Structures are given as C-alpha cells and as structure tokens.
Amino acid sequence: MDKRPDYKIIEKEIIDFWEKNNKEFNFDINKENKFIIDTPPPFTSGEAHIGHALEFIWIDFLARYKRLKGYNVLLPLGFDCHGLPTELKIINKLKISKENKKEFLEACTDWTNKNIDSMYKTFIRLGLSFDRNKVYKTTDREYQAFTQYTLIKLYKEGLLKRDKNPIMWCPKCQTAISMQEAGYINKEGELFYIRLPLNNGKNILIATTRPELINSCVGILIAKDKYVEIEDNLIVSKNYAIKNNYNIIEEYNFDEIEKYNVKIPLINREVKIYSDQDVDYNYGTGIVWICTYGDPEDIKWKNRYNLDEIVSIDDKGNIISNNELNGLKLKEAREKLKELLKDYIIKIEKIKHNVLSHTERSDCLSELEFIPKEQFFIKMKDIKDKILNWQEKINFIPEYMRNKLIDWINNIDQDWNISRTKMLWGLPFPFYEKDNKIYAVDLEDLPIDPRIDKEKTKKYDGRFFEDETVDVWIESSISPLVIILYSIINNDFDPKNLDNYFEKIKEYLPVNLRQQGYEIIRTWLFDTLLRVELLTNKIPWNNALIHGMVLDEKGRKMSKSLGNVVDPKEIMDKYSPDALRFWALLLSPGNDYKFSIKDIETGQAFAIKLWNIGRYLEMNNIKENKKEELKEEDKYIINKFLLLIEEADRYVNNYRYDEYLKTVKKFVWEDFANDYLEKIKERIKNNDSTAKWVLYNIYKGILILVHPVMPYITEYIYQQLYSKSPILEERFEKLINNISG
RNA sequence: GGGACCGUAGUCUAGUGGUUAUGACGCUGCCCUUACAAGGCAGAGGUCCGGGGUUCGAAUCCCCGCGGUCCCACCA
C-alpha cells in the first residue's frame with residue numbers, strides 16, 4: 001500500500017473486480033431471506049445528476065448492509081425511457097420529423113440507448129451493487145408486454161374505460177395530461193367586467209378572466225341571493241353595489257332575474273339564466289357566465305343544466321369561431337376583444353389569480369385548456385375511500401410524508417386520463433375498436449405496436465388507436481411488479497405465460513421498500529399504489545422511504561439556468577466515489593439537502609484515515625495471530641466495537657444512515673486509531689500476539705462496517721490484508737462470533 | 001384560503017421531556033512523534049427565533065407571535 005490511496009487505480013481495479021465477482025449482487029427469488037427494494041427508474045435524459053447519485057447511494061448503502069446481514073437482496077436498476085423530452089431532442093437537435101413514424105421511433109431508440117450507456121457508466125462508478133442481470137428498460141419487450149397486459153387486465157375488470165370527456169389539454173405539448181401532472185400557478189391576470197343585455201332592456205354585469213371564450217358561452221349563473229339595479233340599467237349583486245358605493249335603483253330577488261334571457265354580444269346567442277348554490281355571491285358581480293370550457297366549474301354546470309357544448313379552442317390553443325376571432329391565439333383574441341366589445345366592457349381589473357397549468361414538467365408550465373376528447377381512463381374518482389384505506393397499510397419514513405399522499409387522494413376529482421395524443425415515443429394501447437366496441441388483443445401478440453406491427457394487427461380487423469400512447473407514469477408505476485417479473489423469467493419470456501407470471505408475482509407482494517423523493521409522491525407513489533392495488537389487491541410495499549431534494553451550497557434548487565448544477569462525475573474525478581457517498585449518507589430522511597464540498601473533503605479524509613490504518617497493519621505484518629490474555633485496553637475496544645455494531649444496526653433499521661456514519665467514523669477515528677492504536681504501539685513492536693489479534697480482527701470489522709458507505713476503499717484494503725474474495729461475502733454474525741468468542 | 005416542515009455556536013447540522021446540548025467545517029495555541037500534517041494534542045465559541053403556558057424538570061409538549069421553505073385548493 002502506497003503512502004496515499006490512488007483512487008484512479010482503486011476505482012478502476014475495484015470496478016473490474018466487481019464486474020467479475022458480483023455473485024453477492026445477484027438476487028435469487030427462490031432463496032429465502034429476501035429483501036426487495038423498488039428503486040426509481042431514472043428518466044433517460046443522458047445525465048445521471050446529483051439527485052440520482054444521492055438516492056442511489058442511499059439505496060446501495062442499505063442493499064450492501066443487508067447483504068452483510070445475510071439477506072438475499074434485490075437491488076434493481078431500471079430506466080424510464082419514454083417521454084416528450086426525448087421527442088423534442090430528436091425533433092430539435094437531430095432535425096428528424098415525426099412524419100415517418102418508423103424512422104422517428106428508431107431515432108428515439110438510438111438516442112435513448114446512447115443516453116442509457118452514459119448514465120449506466122455513472123451508476124457503475126457510484127459503486128452501485130444492482131443486480132447486473134436484471135437491469136430493465138421500460139422499452140424492453142418484456143416490460144412493454146407486461147404493461148400492456150396490465151392494461152388489458154384492468155379493462156377486462158371494468159377499471160379502464162374509453163370515454164369522451166372534457167380533458168385537461170396542454171396546447172404547448174399538444175397532449176392530454178392527467179391531474180397528477182397539473183397544478184396551479186399564481187399569475188397576473190385581467191378580470192373583465194362585461195355588460196350583457198337582457199331581453200327586458202336591462203343589463204347584467206358579469207366578471208370573467210376568459211373573455212376570449214365568448215363564443216362558448218352557453219349560460220349565465222347567479223347565486224340564490226339579492227341582486228340590484230344600479231346606474232346605466234346594470235344589474236349586479238347587492239353586495240357588489242354596496243362595496244363599490246353604487247346608488248341602488250331597485251332591488252330584486254334572484255328568481256325575478258332568472259326568468260329573463262341574456263343576449264351575448266358579438267355572437268348574438270340567447271342563453272338562459274340559472275340560479276345555482278355553487279355560485280360565489282361575493283366574487284366579482286356575483287354573476288358568472290358558463291363557457292365550454294374555461295375551468296372545471298364549467299364542466300360541472302354544463303352537465304347540471306344540460307347545456308350545449310360549444311368548443312372554441314383547438315388543439316394548438318387557437319380560437320375557433322365564425323367571427324373575426326377565428327384562428328387567433330388566446331392572448332391575441334383577448335386583446336382584440338377589448339376593441340370589439342368596447343361598448344360592453346365596463347372595466348378591466350388587474351388581479352392575481354391561480355391558473356391551471358402543466359406543472360409536472362418544469363420546462364412547460366403552459367396554461368391548460370379543457371377540450372372534450374375520447375380517451376382512455378383508469379377509474380379512480382369513485383374509489384377515494386378505498387385508496388385512503390390502502391395507504392394506511394404502508395409505513396412512511398418520515399411519517400409526516402404520508403400527509404402529502406392523503407392530501408392528494410382527498411383531492412381526486414376526476415378519473416386518470418392515460419391517453420397521450422400526438423406522442424409517438426410512448427407505449428401504444430393494446431386495444432382496437434370494432435362496431436363501436438373496444439377489444440383487447442390476444443396475449444400472445446404482446447407487446448404490440450399497431451403503428452409498426454402491421455402483421456400482428458391484420459388479424460383483428462379493427463381500428464387501433466395509432467395516435468395515442470399511454471401516459472409514461474403508467475409504465476413506471478408497475479415497477480414493483482416488473483422487478484419481480486424480471487426475477488422470475490430469467491431472460492426466458494413468453495407472452496403466452498403472462499397470466500402465470502402475474503399470479504406468481506402476486507405471491508411476492510408487498511415488497512420491502514420503496515425509496516423515492518417527495519416531489520413525486522402524487523405521481524409515482526400514488527400511481528403505483530393505485531395500479532398495484534387495482535391489479536393485485538395488495539399494497540406494493542411495506543415501507544416508503546422518502547428523501548428530499550439536493551440543493552446547492554446556498555440552499556437554492558439546482559438548475560441549468562442558475563448554473564449551480566453539481567455533476568457527480570466531476571466530484572468523483574476530483575475526489576472519489578467514496579467521498580461522494582460519504583456526503584450523500586449524511587442526509588437525514590425527508591429533508592432537503594445542501595451540497596457541501598466540505599463534507600466531500602471530510603469523506604475523502606476519512607477514506608485516507610482508513611487507508612493509513614491499513615498501512616500500519618501492513619507495515620507491521622499483522623496477520624490472524626493467536627489470542628492469548630486480553631488486556632484491559634483490548635477488552636475495552638472489543639466491547640466498544642460490539643456495542644457499535646448493535647448501535648449501527650439500530651440506526652440502519654431507522655434509516656438513520658447519517659447517525660450510522662457519524663458513529664462509525666467517530667469510533668474508527670477516535671476510539672480505534674487515536675486511542676487504542678496509539679496505546680498498543682509498544683506491544684506491537686514487542687510482537688504481542690494478542691494485540692495483533694485484536695488489531696487484525698477489529699480492523700476487519702471496521703472495513704465491513706464502513707463498506708456500505710465506502711465500498712471502494714474497503715474492498716481494496718480488504719483484498720490487500722484479508723482475502724481475495726469480495727468483502728460482501730463477510731457476515732456480521734460471523735464477525736461477532738469471532739470477536740466475542 | 002387550508003396544510004406540512006423548519007428556525008440550535010461564524011456557517012451547516014443531529015437531538016423531539018431528564019446529568020456538562022451532537023457532529024462537521026471554520027477559529028486559537030502547541031507539536032513535521034517512522035500509519036496518517038488531507039495528521040496529533042489542548043482549547044475557545046450557543047439568550048437552542050421571541051413571548052406565554054404545562055411540568056419537579058422544556059431545544060423537545062401546548063398556545064400566540066415573527067421569519068423561512070414547500071405542498072395543496074374551482075372561484076369565474
């Protein structure tokens with residue numbers, strides 16, 4: 001051993017070693033003592049970023065530790081391949097258009113595989129001990145077939161349906177999205193007060209932020225309350241008149257107004273007035289118009305009063321109408337209306353309001369529209385109570401993260417729209433339509449891509465849904481099932497056996513652990529719980545371990561635009577994978593985590609400390625030796641070490657890897673190196689075999705304890721001093737027996 | 001509007017009812033002692049955000065503030 005560890009050499013040698021000696025990484029589903037971890041499949045962007053590094057180092061720590069405890073661990077690595085970002089790269093960077101579907105999909109596949117290669121290399125460098133034989137891609141033949149199989153299963157059980165509904169539509173991405181992907185953004189807006197003539201010569205005053213939807217106006221709603229006439233024959237809520245100091249000319253009860261019709265200017269349509277308990281009397285003028293569709297309320301009211309459906313927004317978010325607004329963008333239409341309706345607009349108020357947007361994709365954030373379309377849905381709206389019961393069976397770490405899920409479940413108000421239109425780089429539906437009915441394809445034809453597999457589709461003589469692919473969360477949200485599938489099939493997959501595979505998978509549920517970030521509780525965690533329960537009537541996992549986000553040193557989110565992104569590869573180049581792991585494992589569950597170069601440096605120093613103790617053993621040629629009479633100092637350190645192992649185990653069981661690491665480090669550095677080792681130097685010089693025995697065995701134990709944190713240096717030193725077999729073949733049980741025996 | 005989390009030494013951070021409040025970095029002094037100066041030894045540094053309450057005892061539990069982060073919510 002040289003004076004300093006050379007990580008360039010160690011990393012390379014140990015990676016080679018693990019590629020040849022990874023028996024301990026492999027999971028055997030037929031063996032007992034299973035510990036199965038459901039890991040997040042990273043999206044194949046090409047970058048394994050610091051967040052991936054953090055979460056996988058965490059998972060790997062646990063996997064290695066559990067193996068040393070004698071568990072048969074499944075640590076899978078998967079890749080989530082489909083999605084819009086890849087399409088955009090292909091279109092914008094490679095300049096390949098979507099016209100030729102086959103060519104486009106091939107380009108997507110190439111791009112994705114290239115990205116996986118580079119990400120895979122980073123994951124290897126991090127020292128991850130995933131099962132090399134069970135790496136999955138959501139685009140694998142087996143994965144696609146299984147995903148389609150689960151959809152067919154849901155369809156046959158009546159849990160998946162095709163419906164025409166107003167759906168959330170992202171005009172920018174030109175696709176439908178699910179409520180899991182939508183959220184509200186607070187924005188500046190304009191509230192238009194528009195005068196609408198009644199057929200009695202008076203006018204009612206409505207307030208709206210969406211005047212451009214005028215062509216879709218199909219009704220007027222008022223609250224069941226008092227309304228008054230103010231100047232210029234305007235009728236508003238009494239509340240509004242008082243608040244704005246208008247002179248009240250006459251007062252009406254709501255039912256006196258309800259009997260009139262309203263003439264919508266510009267389009268000359270007469271619509272009716274309805275009084276409704278859900279109208280907010282205190283907002284605006286207490287009068288609202290219904291346009292199909294400006295927001296979810298409109299959908300409710302349209303259905304309640306059986307109103308017409310007049311769509312005036314196309315897929316690109318442009319206006320459809322038979323007047324001069326036709327073809328305009330929404331904003332242009334809004335501006336133009338200021339001119340066209342100038343005799344009707346009483347005032348325009350600047351307001352801050354929440355706008356429904358495509359929040360799941362931070363590079364989109366486009367405002368959403370409601371457009372009626374025929375799509376596939378998974379039913380979830382009516383089973384909220386069930387879902388709430390399901391989540392109770394899962395243990396959350398930390399417990400308060402459960403609130404995010406409960407909060408979300410309570411808010412479900414629509415079924416899960418799983419169709420994505422205009423998305424080519426996705427999994428197609430295994431269904432076809434014939435005589436207005438939906439049928440599933442035969443299992444033996446899975447996976448099926450009706451856009452390409454014309455041979456397969458021929459026999460069905462029906463219309464496939466070639467313009468739709470499934471929501472990407474549909475693919476990733478069966479990961480707990482798929483990781484077991486891959487363990488069962490052993491590279492020998494036959495779609496005809498899907499029913500058998502499925503029945504077998506169920507036996508292994510729930511798996512031990514899901515680990516993921518809190519930002520995808522409402523998507524990945526929720527979706528997985530829903531899918532797996534609907535399919536199997538079992539919860540997917542017993543434990544959900546939730547971690548926070550990685551922030552920069554100042555506590556800001558990392559983003560390309562801020563230029564504060566830390567690349568794990570650079571850290572590993574400059575320091576070591578072990579040092580990066582040291583930093584990652586100082587995080588406590590649930591909390592956001594600042595990147596800290598100081599902690600990386602401390603980690604590196606600790607690795608060097610371990611190394612130098614190893615050198616001391618090597619220089620003094622410390623071998624197994626014979627234990628004779630233990631001295632006080634020997635007994636003390638042995639006892640302390642045995643207690644440390646117990647304490648460390650408690651920390652792991654509570655997912656407190658930070659405490660584990662701090663406690664172990666303190667023992668190594670202070671108790672063992674600074675105290676014990678200094679004390680026994682004389683004895684070592686005098687060839688005291690008991691001291692050598694203690695030194696030899698405790699240091700070996702230290703290497704084992706530190707190994708889940710710093711696998712490289714511990715594996716390397718272990719080979720130099722102890723054995724050429726992988727250190728993961730060691731067991732805590734054996735170690736304890738040896739030292740205390 | 002509702003909710004969650006957080007506020008501990010110069011900085012970051014653990015602790016969630018019980019002796020001198022954890023650890024890291026930084027800081028001060030001494031030491032190049034053949035495993036290690038990316039080290040060793042010794043040390044300084046805290047009104048645990050503020051106020052009130054519960055308790056024999058509060059950083060920890062409760063209430064009220066102040067400050068921060070995040071999530072959710074249909075108000076046109």
Side-chain angles (χ1 to χ4, degrees), chain A residues 1-5 183-184 186 189 191-194 206-211 213 220-221 223 278-291 293-301 351 353-356 359 370 398-411 413 518-519 521-522 548-549 551 553-557 575 579 582-583 586-588 590-620 622 651 656 658-659 661-663 665-666 669-670 673-675 677-678 681 684-685 695 699:
Chain A
M1 291 167 77
D2 297 332
K3 190 149 189 203
R4 281 273 177 277
Y184 285 84
N186 195 267
L191 186 60
F192 288 66
Y193 289 80
I194 304 174
I206 63 133
T208 179
T209 52
R210 303 292 309 267
L213 293 175
I220 304 293
L221 285 187
D278 290 339
V279 173
D280 185 350
Y281 181 67
N282 297 317
Y283 189 91
T285 59
I287 307 172
V288 59
W289 70 2
I290 307 166
C291 299
Y293 298 94
D295 61 40
E297 283 291 82
D298 289 335
I299 299 170
K300 187 177 80 187
W301 284 326
I351 55 161
H353 65 151
N354 293 319
V355 184
L356 192 64
T359 47
F370 288 87
E399 172 60 31
Y400 64 78
M401 285 294 176
R402 183 192 305 281
N403 297 334
K404 283 190 199 283
L405 179 62
I406 292 176
D407 202 8
W408 178 250
I409 296 169
N410 280 325
N411 277 315
D413 61 354
Y518 63 71
E519 83 285 7
I521 286 177
R522 71 137 112 166
M549 314 277 86
L551 308 172
E553 301 232 19
K554 289 177 187 155
R556 300 170 304 180
K557 273 191 182 158
Y575 299 91
F582 180 93
W583 161 78
L586 284 174
L587 167 70
S588 58
N591 296 331
D592 284 343
Y593 195 42
K594 290 192 182 82
F595 182 78
S596 160
I597 204 73
K598 288 289 174 201
D599 288 333
I600 303 270
E601 284 170 356
T602 306
Q604 190 77 356
F606 183 48
I608 292 169
K609 192 78 197 174
L610 272 180
W611 176 266
N612 279 312
I613 303 170
R615 277 185 81 216
Y616 179 80
L617 266 76
E618 190 192 51
M619 290 165 93
N620 289 286
I622 308 285
Y651 287 136
R656 290 306 304 266
D658 56 332
E659 291 297 329
L661 176 47
K662 281 193 243 180
T663 314
K665 177 177 161 246
K666 192 178 165 133
W669 207 307
E670 295 176 17
N674 292 350
D675 296 344
L677 208 145
E678 293 299 332
K681 274 186 175 167
I684 296 294
K685 265 188 201 159
L695 198 54
Y699 186 60

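Model, not experiment: these values are computed from the prediction. Numbers restart at 1 for each chain; the letters A, B, ... are given by sequence-line order, proteins then strands.
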Scan [X] against the nucleic acid and name what it touches under 4.0 Å (heavy atoms): base, sugar-phosphate only, or nothing.
X        : value
A/Ala605 : sugar-phosphate
A/Trp583 : nothing
A/Ser596 : nothing
A/Lys665 : sugar-phosphate
A/Tyr283 : base
A/Glu678 : base
A/Ile521 : nothing
A/Asp278 : nothing

G-U wobble or Watson-Crick pairing nucleotide for [N] (cut-off 3.5 Å, both distances):
N     : answer
B/A42 : B/U28
B/G50 : B/C64
B/A4  : B/U69

[X] side chain vs [Y] backbone, donor-acceptor pair below 3.5 Å:
X        : Y        : answer
A/Arg656 : A/Ser588 : no
A/Glu519 : A/Met549 : no
A/Trp289 : A/Pro211 : no

Below 3.5 Å, does any donor atom in the side chain of [X] face an acceptor in the base of [N], or the other way round?
X        : N     : value
A/Lys404 : B/C71 : no
A/Glu601 : B/A24 : no
A/Lys681 : B/A35 : yes
A/Asn354 : B/A73 : yes

Whole-Å distance between [N] [atom2] and [X] [atom1]?
X        : N     : atom1 : atom2 : answer
A/Asn411 : B/G3  : CG    : P     : 14 Å
A/Arg656 : B/U13 : CZ    : P     : 13 Å
A/Phe606 : B/G39 : CZ    : P     : 13 Å
A/Glu659 : B/U13 : CD    : P     : 15 Å
A/Leu610 : B/A38 : CG    : P     : 18 Å
A/Arg556 : B/G68 : CZ    : C1'   : 16 Å
A/Ile613 : B/A35 : CD1   : C1'   : 8 Å
A/Asp407 : B/G3  : CG    : C1'   : 6 Å

Which whole number of Å gives the distance between the [atom1] atom of [N] and that of [M]?
N     : M     : atom1 : value
B/G68 : B/U8  : P     : 14 Å
B/U60 : B/G50 : P     : 10 Å
B/C49 : B/G7  : C1'   : 6 Å
B/G40 : B/U33 : P     : 14 Å
B/C30 : B/A14 : C1'   : 31 Å
B/G53 : B/G17 : C1'   : 15 Å
B/G39 : B/C25 : P     : 8 Å
B/C61 : B/A42 : C1'   : 40 Å

Where the side chain of [X] is defined as all heavy atoms beyond and including C-beta, which of [options] is the nearest nucleotide?
X        : options             : value
A/Tyr184 : B/A35, B/C74, B/G23 : B/C74
A/Lys594 : B/G39, B/U13, B/C25 : B/U13
A/Arg4   : B/A35, B/C36, B/A4  : B/C36
A/Trp669 : B/C70, B/A73, B/G39 : B/G39
A/Asn674 : B/C71, B/G40, B/A76 : B/G40
A/Asn403 : B/C36, B/G39, B/A4  : B/A4
A/Val279 : B/U34, B/C41, B/A76 : B/A76

Grab the two heavy atoms, one from [X] and one from [Y], that are nearest each other, plus how far apart they are.
X        : Y        : value
A/Cys291 : A/Asp298 : O-OD2, 2.8 Å
A/Leu587 : A/Asp592 : CD1-O, 4.3 Å
A/Tyr699 : A/Leu610 : OH-O, 2.6 Å

Whichever of A/Lys598 and A/Asn612 has the more 5' nearest nucleotide on RNA chain B, that residue is A/Lys598
Residue closer to the 5' end of RNA chain B, A/Glu553 versus A/Leu617 (nearest nucleotide) | A/Glu553
Can you name the residues that form a side-chain contact (heavy atoms from CB on, under 4.5 Å) with A/Lys404, not counting sequence neighbours?
-> A/Met401, A/Tyr518, A/Ile521
Answer yes when A/Glu297 and A/Lys300 have at least one side-chain N-carboxylate O distance shorter than 4.0 Å, and no when they do not.
-> yes
In terms of the angle between their ring planes, are A/Trp669 and A/Phe606 parallel, tilted or perpendicular, with boundaries placed at 30° and 60°?
-> parallel
Just to confirm, is there a sub-4.0 Å distance from OP1 or OP2 of [N] to any side-chain nitrogen or oxygen of [X]?
X        : N     : value
A/Asn591 : B/A14 : yes
A/Thr209 : B/A76 : no
A/Trp611 : B/A38 : no

